[in-house]
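Structure first, commentary second.
For this chain, numbers begin at 1 and follow the sequence in order. Order of appearance sets the numbers: ligands from 1, and atoms from 1 within every ligand.
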Amino acid sequence: MRQPGAEARDRSGVPAPRGAGEQPDPVGRERPRLPPGQYVQATMPVLHYGPVPACNPRTWDLRVYGATDSGRDHRWSWDEFMALPKTEIIADFHCVTKFSVLGITWLGVPTAEVLRSVPPSAAATHVMVWADFGYGANLPLDGLAEERTMLVTHRDGRELTPEQGYPVRLVVPSRYGWKNVKWVRAIEYMAGDRRGFWEERGYHNNADPWQEQRYSYQEVPGEGP
Ligand SMILES: Nc1nc2c(c(=O)[nH]1)N[C@H]1C(S)=C(S)[C@@H](COP(=O)(O)O)O[C@H]1N2
Ligand SMILES: [Mo]
């Protein structure tokens with residue numbers, strides 16, 4: 001007999017994750033493994049805009065700035081950041097160009113931990129996650145607080161390669177791929193929303209694959225986080 005909800009389980013036997021926007025079907029069915037309009041691909045192509053930044057552990061840091069509760073910025077050096085407790089997740093990756101890669105294992109620091117270490121002020125509603133060279137993606141604060149949003153250092157048991165975002169990359173399974181910022185250097189707490197690199201160039205501000213939020217023309221004024 002078919003297990004109820006079997007189609008929502010991945011090969012690890014773990015139920016498919018539910019994140020922001022991943023609501024149970026109104027008639028109580030499990031949602032399918034793949035978001036609408038996506039197809040499965042075996043491996044991830046390297047995709048990014050601009051050059052791969054060089055990384056010097058001696059000068060590398062990760063900053064949190066903007067609307068912090070203390071009014072001060074926070075800075076982790078390489079040694080400090082790498083010493084933070086890490087956890088592992090298995091997540092599917094959905095690119096807005098319609099390929100999905102299933103069951104990627106990521107190891108990293110949950111961003112909920114960043115929010116605990118550096119509490120945002122009451123005015124903060126959104127964040128911009130910044131990479132080298134001015135690439136950034138915005139998220140509502142809730143997106144950063146999600147249990148499965150992480151700053152990762154390892155993929156499938158190996159340290160990230162430079163092309164994959166070494167040394168630190170954002171993984172946000174509840175959103176399309178472009179919000180998974182490689183080469184993260186800073187998190188800006190924002191009092192109000194601002195669009196990131198692709199969000200300014202025609203892509204959807206919220207980017208939930210389960211609602212197929214691909215393009216900015218789909219946005220409903222006054223709706224969403
Ligand atoms: N810094 C940075 N991060 C980025 C991008 C980028 O251009 N710059 N591209 C995004 C896009 S569109 C995708 S699909 C994924 C691709 O990740 P991969 O190269 O590890 O497959 O990275 C995302 N992160
Ligand atoms: Mo992408």
Under 3.5 Å, N/O to N/O: give me all the pairs between ligand 1 and the protein, one per line with atom names and distance.
{"residue": "ligand 1", "atom": "1 (N)", "partner": "Lys182", "partner atom": "O", "Å": "3.0"}
{"residue": "ligand 1", "atom": "3 (N)", "partner": "Lys182", "partner atom": "N", "Å": "2.9"}
{"residue": "ligand 1", "atom": "7 (O)", "partner": "Tyr49", "partner atom": "N", "Å": "2.6"}
{"residue": "ligand 1", "atom": "9 (N)", "partner": "Leu47", "partner atom": "O", "Å": "3.3"}
{"residue": "ligand 1", "atom": "17 (O)", "partner": "Arg169", "partner atom": "NH2", "Å": "2.9"}
{"residue": "ligand 1", "atom": "19 (O)", "partner": "Leu47", "partner atom": "N", "Å": "2.9"}
{"residue": "ligand 1", "atom": "19 (O)", "partner": "Lys182", "partner atom": "NZ", "Å": "2.5"}
{"residue": "ligand 1", "atom": "20 (O)", "partner": "Arg169", "partner atom": "NH1", "Å": "2.7"}
{"residue": "ligand 1", "atom": "21 (O)", "partner": "Pro45", "partner atom": "O", "Å": "2.6"}
{"residue": "ligand 1", "atom": "22 (O)", "partner": "Arg169", "partner atom": "NH2", "Å": "3.3"}
{"residue": "ligand 1", "atom": "24 (N)", "partner": "Asn180", "partner atom": "O", "Å": "2.9"}

Test of understanding: with salt bridge (Lys or Arg N to Asp or Glu O under 4.0 Å), list the residues that count as partners of Arg214, not counting sequence neighbours.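 Result, salt bridge (Lys or Arg N to Asp or Glu O under 4.0 Å) vs Arg214: Glu212.
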
His204/Trp198 aromatic ring centres below 6.0 Å: no

Output yes when a side-chain donor or acceptor of Asp61 lies under 3.5 Å from a complementary backbone atom of Ser77, and no otherwise. no

Counterpart residues, side chain to side chain donor-acceptor pair (under 3.5 Å), relative to Arg201 (two or more places apart):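 Once residues adjacent in sequence are excluded, Arg201 has no partner under the side chain to side chain donor-acceptor pair (under 3.5 Å) criterion.
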
Kindly state each residue pair satisfying ring-ring contact (aromatic ring centres under 6.0 Å, His included) with at least one member in residues 86-119, sequence neighbours excluded.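 The answer is none; no pair qualifies.
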
Measure the acute angle between the ring planes of Trp78 and Trp60, then classify it against the limits of 30° and 60° as parallel, tilted or perpendicular.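 Trp78 and Trp60: perpendicular rings.
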
